[in-house]
Structure formats: structure tokens, C-alpha cells
Amino acid sequence: MATYTMIVRSSSPALAASSPLTEALPLFTTRSLIFPRKSSFSRLRLRFFAEKLSQLDSSNGCASLQDSGDNLTEEHDTKYESTLSITVVGASGDLAKKKIFPALFALFYEGCLPQDFSVFGYARTKLTHEELRVMISKTLTCRIDQRENCGDKMDQFLKRCFYHSGQYNSEEDFAELNIKLKEKEEGKLSNRLYYLSIPPNIFVDVVRCASLRASSVNGWTRVIVEKPFGRDSESSGELTRCLKQYLTEEQIFRIDHYLGKELVENLSVLRFSNLVFEPLWSRNYIRNVQLIFSEDFGTEGRGGYFDQYGIIRDIMQNHLLQILALFAMETPVSLDAEDIRSEKVKVLRSMKPLLLEDIIVGQYKGHSKGGKAYPGYTDDPTVPQNSLTPTFAAAAMFINNARWDGVPFLMKAGKALHTRGAEIRVQFRHVPGNLYKKNFATDLDKATNELVIRVQPDEGIYLRINNKVPGLGMRLDRSDLNLLYRSRYPREIPDAYERLLLDAVEGERRLFIRSDELDAAWDLFTPALMELEQKKIVPELYPYGSRGPVGAHYLASKYNVRWGDLEDA
Ligand SMILES: NC(=O)C1=CN([C@@H]2O[C@H](COP(=O)(O)OP(=O)(O)OC[C@H]3O[C@@H](n4cnc5c(N)ncnc54)[C@H](OP(=O)(O)O)[C@@H]3O)[C@@H](O)[C@H]2O)C=CC1
Ligand SMILES: O=C1O[C@H](COP(=O)(O)O)[C@@H](O)[C@H](O)[C@H]1O
């Protein structure tokens, strides 16, 4: 068996300076690194070794490590020697049930979790281990129907799930959690991952208590933080400062689950590994870029949260802006997390802060259709009757750099619209001196190529081209070169939370938001958000299930743009 060097270092200056290294002290400040190495390398290595062992699970690229017992490699040894404890804080909540536990099960099913792991649910609600298991089991599914031994796998997974009830601000309760974690870890090297699936006002309490009482003594401790990361530049900065009293930046994994979506991951591949696209990726060829998000349901059940934030903070400042940054960044030096995140920061810093005159806001109102009544936003009892919170927004943003000067990046996001979807639409410039211009009548937009990256649902990429309609005449139409994922890749696509949880376990930070990225993102939106609130801008009402306010079209036409999704209707 190989031997390893353990490097122990203190990484939070304020606390480390005053604290001897004992278990009871702020242990997020004491981190042990075994094999300091790039985790992307780790996954590649895993894959390589798994291939050698002929055990690569073709469904998602994870090696089936739980079952393989021979030909151990260094990497493999490390996985077997250490234990992993994942604590879902807020385990009784919607996100935990809907996304986190199912994603953990999927990772377990696919052999992506280490041999020795346990999952703890933590919340105030009183539950037994068994009650937690029953609760979780209702939401676990085998991603691919009729997969073998799914029932057995579920039982095995549920046996690894435990529950601890406690207050979020109680160090004693976290100390008790620590005892339970240690029992499961059996003195082995322990890595601990906390997932904060709780409202943001208690993030810091939890981090404080967990850091003081329940961090790992000999392995790493990481914390996944859910959004919202503040409401504006100031509150976000304050949150970061408070978290950094207990954690280093390397321990904080700010999650934006859109970065874990397959088609968003593919954006860089599409651009940087296809010669047909990369040379076109600039103001020279691209007329505008559209980032569109829509949901065909309202804020049902989340009105209380939503009213504090609104659609701009809920979707645009994070999900859509992150996609924009990935889309528009310069080529990173490498695929390492820091290189990619540095390029994203650069492009965000090159952007012009959003102006009030470049935003339109809307709010859905009640509507009856087919004998069914759909509630308006303010019909939600948790939302104030006179709320001005936007449930829809459209915005025009600009990047002041040589590559993108003058190109409008249009965003549109809304709830309770006619359809659910998320897509990136790239509209190219017109062909200069197009010989076939007359075949399109006067509508030049019809002659524009458009690249559409459909993030969801029905993932796909298609390129709109001009094509001759077969026949003796010369008539042109627009046709799609279509890469439909369900036809090309019939296997089911992993949920974003699976990818991100796996990355957090592996220490891969590429898809998590660094604090300077977050600052830059808030700086772009904060002035306009404050102005919207101070001026009490009244949102344009739109019926539940409609296409949203007409103001979105005026905004687009101000920049000579037509929303591409209308053409698909
Ligand atoms: N749900 C979703 O689809 C999404 C959620 N998020 C974010 O993820 C986090 C969790 O979301 P979600 O599960 O919906 O949240 P919930 O409102 O369901 O809260 C999660 C748990 O936190 C505890 N809790 C709730 N409110 C309070 C409070 N005021 N004070 C103390 N504890 C409280 C409750 O557990 P108990 O009472 O048992 O302690 C609850 O079960 C939030 O930050 C949210 O913004 C992000 C993206 C999508
Ligand atoms: O972060 C959020 O995302 C969801 C939409 O996520 P999706 O993966 O289902 O597209 C949105 O409903 C929610 O309001 C927002 O907080």
C-alpha cells in the first residue's frame, strides 16, 4: 500500500492565530490536505482507472468504485481510507426533498460516492432516522427506468441516512451532531460536506456552529451555500465577510444550479472545440444574444421567499448572468477552476451596470382558461396585496470590451408564462450583399442565422440556416440543423445537483461562484434594483399563462432585436 503525506495547515488567520489545534476549536480553520492535487485530474484519473478495470459505468462516466475490490490504485486507496459525511442542513425542506437527497441517491446508484459515506439530515423538525428515511424514499427514483436492483440500491442508500434534530444557532446541538458523525466515521480520516438548504438569514448561524463544533479534525470540511447570496452588493458583501470569519474561500461552494446543467456545461465545449463557432464569437458576426427563462407556473408555495427577491434577483442576477459570463468570456488559460472563474470575472467587470431604462418589469395576474382559474401573484396569502415585486423582467445589457462592443445581450425571465424553458439564442448578422435577399421579401430577420442552445426542456442545439426549398423554383426557407439530445444521446441526463454535489465532493470549484464573481454580478444589478424599489416602479400586469408583458417587445425593438422564441411559437 502506498504511503501518503499529510499536510496540516491553518487557513483562517483570525481564528487560527488564537486557537490551539484541538477538536473542540474552530476546526474549519484547520484543514488537512491529502494529495494536494487538482480535482479535475482526480476525476480523469478515476475514469482512467475505471476504464482499466473495465468497470466504467457507461451511463454517466462515474466509476463503480463501491463494488470493485481488486487492483487498487492510489486514488482508489484514498477513497477507501477516508469517510465522507454529507450533512443536509434544512433536511425537512422543499429543496432537500426535491433535489438534494435524490441527487445523492443517484450518485450512490452510479457508484460516484466513496465506499464509506453517510448522509445526515439536520433540521429543527423532530424526526427519527426511520422517519427521515420514509420521507426521503418518497422522492428517490431510479433515473433510468427498469434499472437492475434499484430497490436494493435504495435500501442500501437509506441505511446510510441518519437524522439529527437541532436548532440552527445552537452550538450544543452541533456538538451532538459531531458525536454522531464521529461514530459513523470510526476514527478514519473524515471529510465533511455541509449543504445549507435553509433560508439565508440563518446561513451564518449554521456556519458558526458547525465550524466551532462539527468540522473535521483530520480531513476537509466544505460548505455548499444555496442562493440567495444577499439582495444587493452590500448585503452580499456582508454575508461573504461573515462566512469568512469561519470559512476560507476554498471551503465555500456557492451553488448556482444552472451551471450544473448539461447544456450550460457544453457551452464552452461548443465554442472552444469547434472551429466553426469560435471565429464567429464576437461583434463581427453576432448581432445579439438572448438568454431566456420561463416557467409555466407561479410562485406557488414560495411566495414568502420570492416577494423579498423578485425575478431579477431570483433568476437574472445569477442563473442568466452566469450563462452570459460563460458565453462571453475570453478563452481561459486552461480548464482549471481559477482560470475559468478569472475569465468570468473579467467579462462581468467589463459590463455596463444595468440601467433602469433598459429594464421592463411585469407581474402576473389571475386568469381563467378552459374553465380553470389561475391565481394572480398577489392572490398568494404570503404575498402582500400591494406588492410591486416583479415576476417577469426583460433587460438589455452590454459588455464594453473589444469583442462585444455594441452587441445587446438581452435577458428575459418570467414566472406563470405560457411555457417552461431556458435557452440561449445567438442571432448572427445578415449576410452582406446577400444574393438571395429578394427571396426573403423585405424581412431581413428571416435571413439571419440563429444558433439556439436549448438548456431545458428537451435539451438540444440547433442552427437555423437558410435553405433552398426543393423544387424547380428558387424559394428559400429557414431550416434547422438539429442536434436533439434525446435522439442523439438516448440516456437520461443527470440532474444539475448531481454534477454539482459530485464536484463539491471532489473539490472541483469550476462550477461554483467565487466571491469576486459574486461581487461583480451584484455591482451590475444593484443600482437598477435600488432605483426600481425607490421609485416604486409599477410592474406591467400580464395574465397567468400568457407570453408576458408587451413591454419586452418594445425593449427589444429599441435595440433592433426580435425575440427569437416568438418565431418558434
Ligand atoms: N426550493 C427550491 O426550489 C429552491 C430553493 N433554493 C434555496 O435553497 C434554500 C432552501 O430552500 P427550501 O428547501 O425551499 O426552503 P424551505 O423554506 O423549505 O426551508 C428549508 C428548511 O429550513 C427550515 N426553515 C424554514 N424557514 C425557517 C426560518 N425562518 N427559520 C429557521 N428555519 C427555517 C425548515 O426546517 P425546520 O423547520 O425543520 O428547521 C425548512 O424545512 C433556500 O436558501 C432557497 O432560497 C434555491 C433554488 C431553488
Ligand atoms: O433558482 C431557482 O430556480 C428555479 C428553476 O430551476 P429549474 O432548474 O427548475 O429551471 C426557480 O423555480 C426558482 O424560483 C429559483 O429560485
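Both ligands and their constituent atoms are indexed starting at 1 by order of listing.
Classified by interplanar angle (parallel below 30°, tilted 30° to 60°, perpendicular above 60°), the ring pair F253/F512 is perpendicular. Classification of the Y364-Y377 ring pair by plane angle, with boundaries at 30° and 60°, yields perpendicular.
Heavy atoms of K99 found under 4.0 angstrom from ligand 1: none, in either backbone or side chain.
Considering only non-hydrogen protein atoms, atom 13 (C) of ligand 2 sits nearest to R302 NH1, 3.2 Å. Here the protein heavy atom with the shortest distance to atom 42 (C) of ligand 1 is I198 O, 3.3 Å. E226 OE1, 3.2 Å is the protein heavy atom nearest to atom 46 (C) of ligand 1. For atom 44 (C) of ligand 1, the closest heavy atom belonging to the protein is K227 O, 3.6 Å. Among protein heavy atoms, atom 18 (O) of ligand 1 sits closest to D94 N, 3.2 Å. Among all protein heavy atoms, the one lying closest to atom 5 (C) of ligand 1 is R302 NH2, 3.4 Å. Protein heavy atom closest to atom 10 (O) of ligand 2, with residue, atom name and distance, is Y258 OH, 2.4 Å. Scanning the protein heavy atoms around atom 9 (O) of ligand 2, the nearest turns out to be R420 NH2, 4.0 Å. Protein heavy atom nearest atom 37 (O) of ligand 1, with residue, atom name and distance: R124 NH2, 2.9 Å. Given atom 5 (C) of ligand 2, the protein heavy atom at minimum distance is E295 OE2, 3.3 Å.
In the candidate list Y122, Y305, Y168, Y168 is nearest to atom 23 (C) of ligand 1, counting heavy atoms. The residue among S92, P228, P199 with a heavy atom at the shortest distance from atom 19 (O) of ligand 1 is P199. With distances taken over non-hydrogen atoms, the option nearest atom 10 (C) of ligand 1 out of A123, S197, G121 is S197. Which of K261, H319, Q456 comes nearest to atom 8 (O) of ligand 2 through a heavy atom is settled by distance: it is K261. In this structure, of N169, N201, L95, the residue bringing a heavy atom nearest to atom 11 (O) of ligand 1 is L95.
Side-chain contact, S233 with T526: a donor N or O sits under 3.5 Å from an acceptor N or O. With no hydrogens or angles considered, a side-chain donor-acceptor pair links S216 and S190 at under 3.5 Å. Side-chain contact of D94 with Y305: a donor-acceptor pair under 3.5 Å is absent, judged by distance alone. Judged by distance alone, the side chains of R192 and N178 do bring a donor and an acceptor atom under 3.5 Å apart. With hydrogens and angles left out, the side-chain atoms of Q251 and T248 include a donor and acceptor closer than 3.5 Å.
Which parts of ligand 2 touch D314 is read off a 4.0 Å heavy-atom cut-off, strictly below it: atoms 13 (C), 14 (O), 15 (C), 16 (O). The I202 neighbourhood of ligand 1 comprises atoms 31 (C), 32 (N), with distances under 4.0 Å to a heavy atom of that residue. For ligand 2, the atoms closer than 4.0 angstrom to any heavy atom of K415 are 11 (C), 12 (O), 13 (C), 14 (O). Within ligand 2, counting atoms from 1 as listed, the ones closer than 4.0 Å to a heavy atom of H257 are 1 (O), 2 (C), 3 (O), 6 (O), 7 (P), 8 (O). Each of the following atoms of ligand 1 lies closer than 4.0 Å to a heavy atom of K98: 1 (N), 2 (C), 3 (O).
Remark: atom 39 (O) of ligand 1 lies closer than 4.0 Å to at least one protein heavy atom. Within 4.0 Å of atom 26 (N) of ligand 1, at least one protein heavy atom is present.
Between Q322 and E517, some side-chain heavy-atom pair lies under the 4.5 Å cut-off. K180 is listed as a side-chain neighbour of F120, based on a closest heavy-atom distance under 4.5 Å. Put simply, the side chain of Y485 reaches to within 4.5 Å of the side chain of L263, judged on heavy atoms. Contact of the F327 side chain with the V347 side chain is not registered, since no non-hydrogen atoms from C-beta on lie closer than 4.5 Å. With a 4.5 Å cut-off on side-chain heavy atoms, P457 and R420 count as touching.
Here the closest heavy-atom approach between residue I198 and residue G90 is recorded as CG2-CA, 3.6 Å.
Each of R514, R341, R222, R254 was evaluated against E249; a single residue qualifies, R254, per the salt bridge (Lys or Arg N to Asp or Glu O under 4.0 Å) test.
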